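The structure appears right after this line, and notes come after that.
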Amino acid sequence: MRWHRVGRVFTAIEGIVLFILTLYAAYIFCLGGVGPYLEDLQSDDEYGTYIDVHSDTIAYYGKKFQIKGAAVADDHFTVFVRSAGVQWQPNLPFSLNVRTDQGEVLQSTTRGQNSGLFYTRGSFTFKGLPSDTKEVVVYQQSYGESFSFRIPLGGDE
């Protein structure tokens with residue numbers, strides 16, 4: 001009879017642990033979970049001057065794609081993007097291109113992303129941005145799918 005009660009206690013503990021793990025998994029996979037994003041970056045000097053973009057949402061490979069913001073620091077330019085829709089794998093472009101108002105084309109040098117079940121958010125950083133750049137066009141062309149967004153960086157807008 002005594003071992004029967006001990007078994008019940010262990011069953012209850014297993015149930016509680018399973019419940020906590022289920023909540024944690026839902027947080028990570030459905031909500032995207034961890035890491036800083038735009039709210040933290042707007043006040044973080046590491047990325048430089050933050051630009052709130054919130055571009056139109058476009059369709060890119062059947063998912064909703066949007067540029068949420070950008071940041072300029074020295075000769076670095078970082079763009080923050082988001083792709084929404086149920087997805088089993090991250091659905092951001094592998095790379096982005098930037099064309100400056102002087103016609104110079106920059107390719108991303110670093111890339112990062114954070115995925116959940118319903119969206120992927122990420123950032124692309126570009127080096128070599130001329131200091132007198134007033135506007136950039138972020139674009140991508142791939143197998144018949146393409147997009148482009150204009151982002152004013154300051155100056156004469």
Side-chain angles (χ1 to χ4, degrees), residues 18-157:
L18 183 61
F19 178 73
I20 292 170
L21 288 175
T22 302
L23 289 178
Y24 182 70
Y27 173 71
I28 294 296
F29 292 114
C30 295
L31 301 176
V34 295
Y37 197 50
L38 296 179
E39 300 79 20
D40 300 325
L41 298 174
Q42 290 173 352
S43 61
D44 187 0
D45 290 335
E46 178 184 345
Y47 285 94
T49 304
Y50 181 79
I51 302 164
D52 197 19
V53 176
H54 291 286
S55 68
D56 291 336
T57 301
I58 55 111
Y60 184 71
Y61 286 104
K63 306 292 183 207
K64 295 177 183 177
F65 183 79
Q66 183 180 36
I67 293 182
K68 302 296 277 182
V72 179
D74 300 325
D75 69 338
H76 291 69
F77 174 71
T78 302
V79 63
F80 303 97
V81 297
R82 184 174 197 265
S83 175
V86 176
Q87 46 203 5
W88 303 109
Q89 61 185 9
N91 205 11
L92 292 178
F94 182 71
S95 65
L96 293 179
N97 297 303
V98 166
R99 185 175 53 247
T100 68
D101 50 5
Q102 294 95 1
E104 187 174 344
V105 175
L106 309 173
Q107 292 187 340
S108 57
T109 56
T110 59
R111 172 183 190 262
Q113 67 183 26
N114 183 335
S115 297
L117 180 59
F118 299 109
Y119 68 88
T120 299
R121 58 188 182 188
S123 65
F124 295 84
T125 300
F126 304 84
K127 290 184 180 178
L129 184 71
S131 61
D132 58 344
T133 303
K134 297 190 180 357
E135 179 182 78
V136 297
V137 175
V138 176
Y139 68 97
Q140 177 60 286
Q141 295 175 331
S142 173
Y143 301 107
E145 297 278 338
S146 65
F147 61 82
S148 69
F149 298 99
R150 292 192 177 282
I151 302 175
L153 301 181
D156 302 327
E157 298 179 30

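Because the structure is a prediction, the values reported are computed rather than measured. Heavy atoms only: backbone and side chains are in, while hydrogens, waters and symmetry mates are out.
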*With sequence neighbours excluded, tell me which residues meet side chain to side chain contact (heavy atoms under 4.5 Å, CB included) with Glu145.*
Tyr60, Tyr61
*Intermediate values then yes/no, side chain to side chain contact (heavy atoms under 4.5 Å, CB included), Lys134 and Leu153*: CA-CA 5 Å; Lys134 297 190 180 357; Leu153 301 181; 5.8 Å; no
_For the student: nearest non-hydrogen atoms of Val53 and Ala70, plus distance_ = CG2-N, 4.0 Å
_Non-hydrogen atoms of Ser95 and Phe124 that approach each other most closely_ = CA-CE2, 3.9 Å
*Nearest heavy-atom pair of Tyr50 and Gly69: which atoms, and what distance?*
OH-CA, 3.6 Å
*asked:* Would you compute the distance between atom CZ of Phe94 and atom CZ of Arg111 and round it to the nearest 0.5 angstrom?
replied: 6.5 Å
*NZ of Lys127 to CG of Asp75: how many Å apart, nearest 0.5 Å?*
8.0 Å
*Mind checking the CG-OG spacing from Asp74 to Ser131? Nearest 0.5 Å is all I need.*
10.0 Å
*Kindly give the heavy-atom pair with the smallest separation between Val136 and Phe77, and that separation in Å.*
CG2-CZ, 3.6 Å
*For Gly128 and Glu104, which heavy atoms make the closest approach, and how far apart are they?*
O-OE2, 3.8 Å
*Nearest 0.5 Å, what's the CD1-CD1 distance between Ile51 and Ile151?*
7.0 Å
*Who are the side chain to side chain contact (heavy atoms under 4.5 Å, CB included) partners of Ser148, not counting sequence neighbours?*
Val137, Tyr139
*Judged by modelled atom types alone, do Thr125 and Thr109 share a side-chain donor-acceptor pair under 3.5 Å?*
no
*Under the salt bridge (Lys or Arg N to Asp or Glu O under 4.0 Å) test, which residues partner Arg150, sequence neighbours left out?*
Glu135
*Passes side chain to side chain contact (heavy atoms under 4.5 Å, CB included), Leu96 versus Val81? Steps please.*
CA-CA 10 Å; Leu96 293 179; Val81 297; 4.2 Å; yes
*By side chain to side chain contact (heavy atoms under 4.5 Å, CB included), which residues pair with Asp132, not counting sequence neighbours?*
Gln102, Pro130
_From His76 atom NE2 to Phe126 atom CZ, the distance as rounded to the nearest 0.5 Å_ = 12.0 Å
_So, using side chain to side chain donor-acceptor pair (under 3.5 Å) as the criterion, who are the partners of Gln66 when residues are at least two apart?_
Lys68
_Can you give me the closest heavy-atom contact between Phe149 and Asp56, atom names plus distance?_
CE2-O, 3.5 Å
